Amino acid sequence: MKKPLHIFLVLLIAILGSVNLTRAGSQKISQGVFYGCSDRNYWDKIESYLIQEDREAFEKALRAGMIKETCVWLETGEEVFVVFRTSGLIKVRRQG
């Protein structure tokens, strides 16, 4: 059974400074670790915890999102494809 395609929202500022063009259409994260979520409302919720500086709530919500496969970590060296860019956010998908 094929897994559904997930497109993740990631902070544009964070990832734009940390990607290298590797070949047409793909980019590689060159430094840092970032998280992304396929559900915009859930991503907004997690971001609000960071803005409020509630690290415990952020970590709980992110872990819950990762268990539900709504959120993921994007790590140094990982190849992603940019789907859409808008102010402050970028939508990416993993290869495959």
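Quick caveat: nothing in here was measured; it's all calculated off a predicted structure.
Ala64 pairs by the side-chain contact (heavy atoms from CB on, under 4.5 Å) definition with Tyr42, not counting sequence neighbours. Checked against salt bridge (charged side-chain N to carboxylate O under 4.0 Å, His left out), Glu56 has the following partners two or more places apart in sequence or in another chain: Lys60. Residues forming a salt bridge (charged side-chain N to carboxylate O under 4.0 Å, His left out) with Asp54 (at least two apart in sequence, or on another chain): none.
For the atom pair CG of Leu62 and OG1 of Thr70, the computed distance is 10.5 Å after rounding to the nearest 0.5 Å. Note: Cys37 SG to Glu69 CD = 13.0 Å, rounded to the nearest 0.5 Å. Taken from CZ in Phe34 to OG1 in Thr76, the straight-line distance is 7.5 Å, to the nearest 0.5 Å.
Taking each heavy atom of Trp73 and Glu78 in turn, the nearest pair found is O-OE1, 3.8 Å.
With respect to Leu50, the side-chain contact (heavy atoms from CB on, under 4.5 Å) criterion is satisfied by exactly one of Glu47, Gln52, Glu53: Glu47.
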